[in-house]
Structures are given as structure tokens and as C-alpha cells.
2 protein chains.
Amino acid sequence: MDLRRLRYFVAVAEARSVGKAAERLRMAQPPLSVQIRKLEAEIGAPLFRRGTRGMDLTEAGQALFARAGEALALAADGAEAARAVASGRRGRISVGYMFVLANAVLPRLIPELRRSIPGVDLDFAELTASTREARLLDRSVTVALCMPAIHHPEIQVARIGAQPLMLAMPIRSPLARLGAVPVARLQGRPLIALPHPDQDPASSAVAALLRRHQVVMPIVSRVETVHSAMSLVLAGEGLAILPACAQLGAPRGVVFRPLRDATDSIDIAVCWRRDSHSPLIRTFLKCAEKVVARL
Amino acid sequence: MDLRRLRYFVAVAEARSVGKAAERLRMAQPPLSVQIRKLEAEIGAPLFRRGTRGMDLTEAGQALFARAGEALALAADGAEAARAVASGRRGRISVGYMFVLANAVLPRLIPELRRSIPGVDLDFAELTASTREARLLDRSVTVALCMPAIHHPEIQVARIGAQPLMLAMPIRSPLARLGAVPVARLQGRPLIALPHPDQDPASSAVAALLRRHQVVMPIVSRVETVHSAMSLVLAGEGLAILPACAQLGAPRGVVFRPLRDATDSIDIAVCWRRDSHSPLIRTFLKCAEKVVARL
DNA sequence: CATTGGCATACCGAAAACATATGGGTTGAC
DNA sequence: GTCAACCCATATGTTTTCGGTATGCCAATG
């Protein structure tokens, strides 16, 4: 069963004439006549009653005609749907984000995305530092909004912004009375650290900062998210050095102060598989850049 | 968009491999690979991600795949439906019948038909002597159960039985006391006649009968149906010469008597367009023969 | 480094489709 | 009644497309 024959069949059925249909199909009449007869041979029954004034569907022909239109439409629709997905007008994108960015970026990013790609299904998944590469590689997320960026040969990274490091402390801490805290004042104080994968420049940035100032802070806890870090800070377990945007999600009782003599920052990046060529990724990147630029 | 390509596409998508799909399709791998690429060219986007371990649908491919299966199924279903209709397993048949047969034949014929062709839509339409040809010719009925048969060059007739002519009279008529009425006794009595189209052998049969016996009956009324005829008989307007089966629908007060020295009868026939080749007509004919044989 | 597995390309023969030309049957007009 | 017009079917040659075989390329594996 060939779709072209079905298309010819429908044309002839609608025109009630081989000649008229051939004209509409921009082809000669004889080959169309042949194709119709081949279709009838394939079905095993006459589909048209040949009259002297044209052709007319038989009952069997009517039965086929009833389905043929739908089948043609469905095939065309499938092709169109594929094109729409390929072009980014339709589809699905699964956005991974790290918790530290949830408060600062997502509330503005989500409406921006819905405006830019209205036909696209969006879904969101929180990523942790230890699983984000895997989620990209197994395609369970299409793009990841990361802080800091991922470094992996299969993963493409676009840096879209950065956030300065700040000191997070309990509001009762004596340091909180300072407008900006000199790094030297941190010497010997307990530090709540985020995970430290080998190539992760997040804690590297903190480590580098302390090293540069020859300050040592004993690590009292390692936690997965900035939220946990701030909880421990509130509990008085120690201090944390976090990107400024974390401040938005800080509990009452935790305050942030700039570090006076440090300009260190952590990158915000959009990351995706190198072999994902969906145009939705570009669109997502544009939206994210726009939102992050206004932080 | 070719249905074969769509079939190939589905096979590759399901096998997640060109080679495996080619095997399942009983063809070599290279031409299948070529067809897939042609489909991708037609869509204008890659449908598969080529990995080192096989092929995997892209998002666009998934969009197409979601519709492709349905389109294939619908096309196959259309072909099957056409075959089913052509073979008589499915379809629709519109049965025309003349009123005179309604009581004697339909109550047995309808269940017989439903048993024989369970997948077929049946509908019934009463025909009158003056419209039955037209209803067949314009295909508003597929077959007609007629009494007497139709004679027309475009219409095929199968005689399936006959009914003897009987005399219908009011129960109070002196003739009703006889077991059988000699035709000679009808001389001069008023006759309720059925319509008399030129080639209609119904009234011809009655006319021939009377002529043969050299009996003259003045015609006092012409009516369309035996029902009307019997009503007029009941009203005392005259007598009617009707097929025996009309007796079943006779109102109380009208009785039938055989004609002693006449064996005249009227045919029961199934009629259909010569160019209708539906196998349902054969089946219908068989059912009608079976039912009429038991009258 | 060789081998294996999987897809892509090249080329050739076969089959299918299309166009042109023509035949046959019916309708309708002069 | 003949003739023209109309419409579908058939015939034949050319072009397109399809499928098969041979082979190349690349990556993963041992």
C-alpha cells in the first residue's frame, strides 16, 4: 500500500474523473488510470464504477475513501510535526537547575521561556552538584543552568554571568557589624563547604581565595546545597562563602557581607550535550542570558 | 511522503538499528540506510542520532514516530475495510420491499439476514409499484423484494417463489360460504384493482385470468397497496384478486378463498441493478429464497 | 594494533512510473 | 444517421527510483 496511490485515489474520488484528477495532479491521464487499476488489483476489488460520464466510488471504494483522507492527513501531520520539532516551534525541553539559582533566576526565567517558546512543553528538575553531569549525559535534562560551569568533554558550556563571593554568617556574629569583611578576619573560623569534585571550580574558587590571602579555615561540614549551608550557618556551625545570589533564599537570621579585598566570583553557565542540536537550546540560552544580565 | 519510507522508518526506530531493521524487512542494509536518509532530506531534519552502537530517535524523529504508526495502521485498515466490503463481510445493504410481502416475508427474513451477515448494516424501505424501478436505478435501495417481478433492461431479476391468486371478500359475502370460488361466479362483480403499469404482470395476471375465463369485472377502484385493497373490500366496495400471502395482513372481516378452476400465480422476485456486483446481493438472495420456500 | 560492529557511499541491474500516441465506447448535436 | 466530443483503457519508450553487492569509514574493544 503506497501513499502516492492513496493520494491519487483520493484525487480521483473527489474529482469523480480520472482526467480531471490528472489535471489537478499535474500529470497525464493514462498513468493515473494505471495507478488506480493497480490499487484496485492490490485491494482485490473494484473501487470505482466506470460510467460513461466519469467514475464513481463503489461501496468498497467508499470504505477506503473514508480512511484514506485520515491516513494522508496523519502522515502529513507527522512530517509537519517533525519539522516543527526540528525547528523549535514545538517540542519538549527539560531544564535542569541548581538550587543556588532557583530563587534568583527561575522566577524570571520561566515566564520568559513560556513567552519565547509557547508551543513547547517545559519541565524543570533540580540538579545537585554530584548528579548534574550524569543527568545531561543520559539526556534526562536537555540543558542545565549551572553554578559553577560543568567541565566535561561531551558537554558544551556557555557562560552567561557571574556572581561575587560573599560571606554568609549569623546575624549575631560580630563580623555582621562590618559593612564589608576583610578576608584576613576569617582566619581560623570554621567553614561550611560545598562539595568538592575534582574539577569543580566552586569550592576551588573559595579555596583559591583563601589560599591567596593565606587564610586557613577548618572545614566543619560538607553539604550539597547552599540551602543546607545557610541552615548550618544559622545554627552557628560556622561561616559559608557563597555566591551573592544565594542571599535571596537565605533564612532570616543569616546575613551576607561582601569580602572587602576579594573580587572573586563564580560563573553562571548554561550547559548541554555537544550532540544536542535542538534549536530550543539556543532559545533557552538567549532567555537565560537576558534574565541573568538583570541580576 | 511515501508510505514505504514511513514503514522503513518505523522499523528502524523500533529496531534502533538499520542493520537489524533491514533483517526484519528482508532487505539489505545499504538501501534501507539510503531510504532513511531520503526521508530525513524530505523532512529537512535528522530523525536519528547515529551512535556507534546503533541509531536513536531524535526529538523530531519521536514526533514523527508518534504519528507514523497510526498512519500506517489507518492505511492498512482502509485497505482491509475495502476488502471486507468487497467480500461482503462488512458494508451496508438497503432492502426495498413491497407492502404485500411485509407480513409474510419480513418477520422471518430480517433475523435470517442478521444471522447471515452480522457485520453489515441493514436498512429497509417500503417500495410502491410506481417507484420501485427508480429506487433501484438511483441506488437508494440495493435490492428489492418484489411481487411481481420488475422488467427493465438494467435490472436483474431472480424469481424465488410464487403465490396463487385468491379471492378476497367481506366475510358476509355469500361467496364466502363456498370452499373455493369458481371464476365464473365473479362475472359482473366490482373489482378493486392494483396499479397497472404497462409491463406490470401483476394486474396482467388478474386480467389474463379473467380473460381466459371470459369473465368481466368492472374496476371500481385502483389502489397502490394490497392493504388499501383489503380496506376497500372490507368496506364493501368490491372484491379483490390478490396473492395468497396478502391474507396474513388482512383485517378482520376480510376472508380469502381459492379460485376453483384457476392455478394462476404471481411471482415473488428479488431484483437488483445489473451493475451491482456486491456479494451481499447473493447472500440476500439466498436468505430470501430460504424464507420464501417455507411460505 | 588488529578486529569487530555499525552506518554510509558507489555502482549496477531491475522494476516502476510517467509521457506520448492511440483505441474503443458512449453521448449528444446537426 | 453520421460525426464530433468526451472519457477511460491500452501500448510503448524513456526516465526515475529502488534494491543488491562491494567497499569505505569510524569507533569501540581486546
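Quick note on labels: first sequence line is chain A, next is B, and so on, each numbered from 1.
Spacing between atom CZ of B:Arg7 and atom P of D:dC18 amounts to 14 Å, rounded to whole angstrom units. Rounded to a whole Å, the CD atom of B:Gln35 is 7 Å from the C1' atom of D:dC18. Taking atom CG of residue B:Leu25 and atom C1' of nucleotide D:dG19, one finds them 12 Å apart after rounding to whole Å. Whole-Å rounding puts the A:Leu39 CG to D:dC8 C1' distance at 17 Å. The interatomic distance linking A:Leu32 (CG) with D:dT10 (P) rounds to 14 Å, in whole Å. Remark: P of D:dC26 and CZ of B:Arg49 are 22 Å apart, rounded to the nearest angstrom. Protein atom CD1 of A:Ile36 is 18 Å distant from nucleotide atom P of C:dA16, rounded to whole Å. Atom CD in B:Glu40 sits roughly 12 Å away from atom C1' in C:dA8 (whole-Å rounding).
Distances were taken from every side-chain heavy atom of A:Lys20 (C-beta onward) to each of D:dC7, D:dA9, C:dC18; the shortest belongs to D:dC7. Distance from the side chain of A:Ser33 is smallest for D:dT10 among the nucleotides D:dC18, C:dA17, D:dT10. Minimum atom distance to the side chain of A:Met27 is reached by C:dC18, of the listed D:dC18, D:dG20, C:dC18. Comparing D:dC18, D:dC6, C:dT9 against the side chain of B:Arg5 picks out D:dC18 as the nearest. You'll find that the side chain of A:Arg53 is closest to D:dC6, out of D:dC6, D:dA9, C:dT9. Listed nucleotides: C:dT20, D:dC6, D:dT10. Nearest to the side chain of A:Pro31: C:dT20. Closest to the side chain of A:Ser17, out of C:dA8, D:dC8, C:dA19, is D:dC8. Comparing atom distances between the B:Ala28 side chain and each of C:dA19, D:dG20, D:dG19 picks out D:dG20 as nearest. The side chain of B:Val18 lies closest to C:dC7 when the candidates are C:dA17, D:dG20, C:dC7.
Between B:Arg16 and B:Asp56, at least one side-chain nitrogen of the basic residue sits less than 4.0 Å from a carboxylate oxygen of the acidic one, meeting the salt-bridge criterion. The pair B:Arg159-B:Asp267 meets the salt-bridge criterion, with a side-chain N (NZ, NE, NH1 or NH2) lying under 4.0 Å from an Asp/Glu carboxylate O. Under 4.0 Å is where a charged nitrogen must lie from a carboxylate oxygen, and between A:Arg139 and B:Glu59 no such pair does.
Nearest-nucleotide mapping onto DNA chain D: of A:Thr52 and A:Pro30, the residue sitting toward the 5' end is A:Thr52.
Of the side-chain N and O atoms in A:Arg4, none sit less than 4.0 angstrom from OP1 or OP2 of C:dA16. Look at A:Arg37 and you'll find a side-chain N or O under 4.0 angstrom from OP1 or OP2 of D:dT10. Not one side-chain nitrogen or oxygen of A:Arg50 sits closer than 4.0 Å to the OP1 or OP2 atom of D:dC7. Checking the phosphate oxygens (OP1, OP2) of C:dA16, no side-chain nitrogen or oxygen of A:Lys38 falls inside 4.0 Å.
Across all strands shown, A:Tyr8 has heavy atoms under 4.0 Å from sugar-phosphate atoms exclusively, and none from any base. As judged by a 4.0 angstrom heavy-atom cut-off over every strand, A:Gln29 is placed among the base-contacting residues. Residue-level contact check: A:Gly54 touches the backbone only, with heavy atoms under 4.0 Å from sugar-phosphate atoms and none from bases.
Checking each of A:Ile160, A:Val270, A:Leu109 against A:Val292 for a side chain to side chain contact (heavy atoms under 4.5 Å, CB included) leaves exactly one that passes, namely A:Ile160.
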Start with the C-alpha distance between A:Leu136 and A:Cys271, add both sets of side-chain angles, then the distance that settles side-chain contact (heavy atoms from CB on, under 4.5 Å), and finish with yes or no. CA-CA 8 Å; A:Leu136 279 172; A:Cys271 307; 3.9 Å; yes
Apply salt bridge (charged side-chain N to carboxylate O under 4.0 Å, His left out) to the pair A:Arg24 and A:Glu14, showing each step before the final yes or no. CA-CA 11 Å; A:Arg24 232 175 48 112; A:Glu14 284 175 347; 3.7 Å; yes
